[in-house]
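Excluded from the calculations below are hydrogen atoms, water molecules and symmetry mates; all remaining heavy atoms, backbone and side chain alike, are included. All residue numbers refer to positions in the sequence shown, counting from 1.
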Amino acid sequence: MKNAIVLGGTHDHIRLIEILKEKGYYTYLIDYLENPPARKFADEHIRESALDKEKVLEIAIKNKSELTIALCIDQALLSMAYVSEKMGTPCYLCFEKALSLTNKALMKNIMRQSGIPTSDFLIIKIASDLTDIKFGLPYVVKPADSNSSKGISKIENKDHLLNAFIRAKEFSSTNEVILEQFKEGVEYSVDFFIKASMPQLLLITKYSKSKIHSNKFIITQSYSPTDFPSNLIPKLHQIASNISKAFRISDGPLFIQLLRNDNDINIVEFSSRIGGGSKHHFMKRVNGFDYLKHLIEFTLGKNPSIELNHTNSFTGINFVYANKGAMISLEGFDKAVKTGLIAEYFNYKTIGSDISGSESSADRLLGFIVEGNSFEELVNKSKIVDSQLRVLDKNGNDIMIHDLYF
């Protein structure tokens, strides 16, 4: 039997493990959590950090791994590429490319040199560098190498800048922080697949951000179709092509986060991966494309085709957050599926997990998909469902944060 290492045990990795098993792989799941959502689906769970590339390599050598794969965790791409390169196993990224895609300081510098539209920025290593800012407020302060909006803050008063820098630095393994000028605009995520340096557009989704902790950019939902102007699609293709060239991504996934202000496009960041938050489930419902299966086939050296069959429905995925407490039980989710209010839902935290609050997108508990024949129906269904769902703690109190959608 062939051996495969899966980096990260989020809900998104469950389907990844299932596909690998269908292909005859014995799966080793590496995740530092005691009971990650994908644990019971893997053949073995090794409790180590998927971000520790040397430890992952040690495990790969010991178990004679023939495939090491990450899915939607930016920093795990580095381990995937590093181990695959050392082991001579299939991978769509080399280590050098992965480094430029997981270190946002490197990314921003290459973007600036290559003319890819992005906001003004500084790379800050020590607090005294905060006095050398040439652009005006507001600022966005974020770690140079983190994910899921961890450690990010929007700063509108310089008196808060030092604390934001210290907080962001805590989430950076390189001790680097990016300070960039805040840009107004509507936020979208865009999925491309690059083949022979030619980007093919798969999906555009529109983001909504949390009203709670609004300075921390926590994603509460995304939906499709969007209001992204059709006349800007060629510009979007050109930007994707420029990214492909500048970062030498000749083949593989390209996930872009951007802001649009009228006809201006500003790239926030991007990565060579599938988007998180059940994006592959979401995409399959919107256009029938099995992105995850496609990526595995591609990684293994096959040449799968891309066929998109867009539905006429409006589809949204809404994320559930909660106040501090233990998630002991869920109420209303299964009933909402049976009544057709929810198409499906995904548990990102296991029952019994202690919830520390809602400080970043990584703190989401669940995601649920809603479908409608119109945008209005999508909005109404989301609001009805929100009024029926509960996340209960040990005392039976509802700790779910409500009224986040639309």
Side-chain angles (χ1 to χ4, degrees), residues 1-99 101-103 145-148 173 249 251-253 255 271-276 278-281 290-302 304 346 348 350 362:
M1 180 175 280
K2 299 173 289 186
N3 293 335
I5 287 177
V6 175
L7 300 176
T10 70
H11 185 280
D12 286 312
H13 290 84
I14 293 174
R15 180 60 185 146
L16 170 61
I17 291 169
E18 290 174 341
I19 294 173
L20 290 174
K21 284 188 170 185
E22 290 168 6
K23 292 184 173 297
Y25 284 93
Y26 187 91
T27 55
Y28 295 90
L29 172 63
I30 298 180
D31 192 295
Y32 73 97
L33 293 175
E34 182 179 357
N35 189 26
R39 176 186 176 183
K40 63 182 180 180
F41 296 87
D43 293 296
E44 290 188 37
H45 171 218
I46 300 173
R47 197 174 176 190
E48 295 286 354
S49 172
L51 310 188
D52 185 342
K53 63 183 188 298
E54 297 296 346
K55 176 58 71 172
V56 174
L57 177 60
E58 178 186 318
I59 295 168
I61 293 172
K62 178 182 177 181
N63 294 288
K64 299 178 181 178
S65 172
E66 296 173 64
L67 180 68
T68 301
I69 190 163
L71 184 57
C72 54
I73 305 170
D74 273 335
Q75 302 309 311
L77 292 180
L78 204 58
S79 296
M80 176 186 76
Y82 179 77
V83 172
S84 298
E85 206 165 275
K86 294 289 186 181
M87 298 285 290
T89 53
C91 186
Y92 63 86
L93 276 179
C94 70
F95 180 71
E96 185 182 359
K97 290 179 187 177
L99 188 61
L101 292 166
T102 54
N103 186 304
D145 54 340
S146 186
N147 54 275
S148 300
S173 62
I249 308 172
D251 297 282
F255 171 69
S271 186
S272 185
R273 62 173 174 85
I274 296 177
S278 308
K279 175 59 86 63
H280 60 95
H281 289 290
D290 192 336
Y291 199 179
L292 183 50
K293 194 168 187 177
H294 179 92
L295 181 59
I296 293 172
E297 295 282 350
F298 183 83
T299 299
L300 294 175
K302 298 182 180 178
F346 317 101
Y348 303 141
T350 52

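- Between the side chain of E85 and the main chain of F95, a donor-acceptor pair closer than 3.5 Å is present.
- Residues L7 and V83 form no side-chain contact, since every pair of their non-hydrogen atoms from C-beta on lies 4.5 Å or further apart.
- A side-chain donor-acceptor contact under 3.5 Å links Y348 and S278.
- Smallest separation of non-hydrogen atoms from A60 and I5: CA-CD1, 3.4 Å.
- Heavy-atom contacts from other residues, nucleotides or ligands closer than 6.0 Å to CD of E44 number more than 12.
- In this structure, T299 and Y92 have side chains that are in contact, with non-hydrogen atoms separated by less than 4.5 Å.
- No more than 12 heavy atoms of other residues, nucleotides or ligands shown are found within 6.0 angstrom of NZ on K293.
- Side-chain contact between F298 and P253 is absent, with no heavy atoms from C-beta onward closer than 4.5 Å.
- Among residues two or more places apart in sequence or in another chain, the ring pair (Phe, Tyr, Trp, His ring centres under 6.0 Å) test is passed with F346 by H11, H281.
- Here the straight-line distance linking atom CD1 of I73 with atom OG of S271 works out to 11.5 Å at 0.5 Å rounding.
- Taking CG from D251 and CG from L93, the interatomic distance works out to 10.5 Å, rounded to the nearest 0.5 Å.
- Between M80 and V56 there is no side-chain heavy-atom pair separated by less than 4.5 Å.
- Here the straight-line distance linking atom CG of L71 with atom CG of L16 works out to 5.5 Å at 0.5 Å rounding.
- A donor-acceptor pair is defined here as one N or O able to donate and one able to accept, closer than 3.5 Å; no such pair exists between the side chain of Y25 and the backbone of L67.
- Within 6.0 Å of CD on E22 lie more than 12 heavy atoms contributed by other residues, nucleotides or ligands.
- Looking at every heavy atom in both residues, A81 comes nearest to C91 through CA-SG, 4.1 Å.
- Scanning all heavy atoms of the two residues, the minimum distance from S272 to G252 falls at OG-C, 4.4 Å.
- For the pair I274/D12, no side-chain contact is recorded, criterion being any heavy-atom separation below 4.5 Å from C-beta on.
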For this session: Evaluate the criterion side-chain contact (heavy atoms from CB on, under 4.5 Å) for residue pair L33 and T350; output intermediate values, then yes/no.
Result: CA-CA 11 Å; L33 293 175; T350 52; over 6 Å; no
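- A distance of 15.0 Å separates NE2 of H294 from NE2 of H280, quoted to the nearest 0.5 Å.
- Residues A50 and G8 come closest through the heavy atom pair CB-N, 3.9 Å.
- Between the CG atom in L300 and the CG atom in L295 there is a gap of 9.5 Å [rounded to 0.5 Å].
- The two residues G276 and C72 come nearest to each other via the heavy atoms CA-CB, 3.6 Å.
- In summary, E58 and K86 do not engage in a salt bridge, as defined by a charged side-chain N under 4.0 Å from a carboxylate O.
- For S65 and N3, the side-chain atoms include no donor-acceptor pair closer than 3.5 Å.
- Contact of the T102 side chain with the D145 side chain is not registered, since no non-hydrogen atoms from C-beta on lie closer than 4.5 Å.
- Considering only heavy atoms from C-beta on, Y32 stays 4.5 Å or farther from L51 through its side chain.
- Side chain of D43 to backbone of Y26: no donor-acceptor contact under 3.5 angstrom is found.
- Residues I69 and L20 have side chains in contact (heavy-atom distance under 4.5 Å, counting atoms from C-beta outward).
- Distance NZ/K40 to NE2/H45: 14.5 Å, rounded to 0.5 Å.
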Exercise. Salt bridge (Lys or Arg N to Asp or Glu O under 4.0 Å) between E18 and K21: does it pass, once the steps are laid out?
Worked result: CA-CA 5 Å; E18 290 174 341; K21 284 188 170 185; over 6 Å; no
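- Remark: the backbone N or O of E34 is paired with a side-chain donor or acceptor of R39 at under 3.5 angstrom.
- Taking every heavy atom of both residues into account, R273 and G275 meet most closely at NH1-CA, 3.5 Å.
- A distance-only check finds a donor-acceptor pair linking the side chain of N63 to the backbone of I59 [under 3.5 Å].
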Problem set entry | Intermediate values then yes/no, side-chain contact (heavy atoms from CB on, under 4.5 Å), F41 and R15 | CA-CA 9 Å; F41 296 87; R15 180 60 185 146; over 6 Å; no
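- A donor-acceptor pair is defined here as one N or O able to donate and one able to accept, closer than 3.5 Å; such a pair exists between the side chain of K2 and the backbone of K23.
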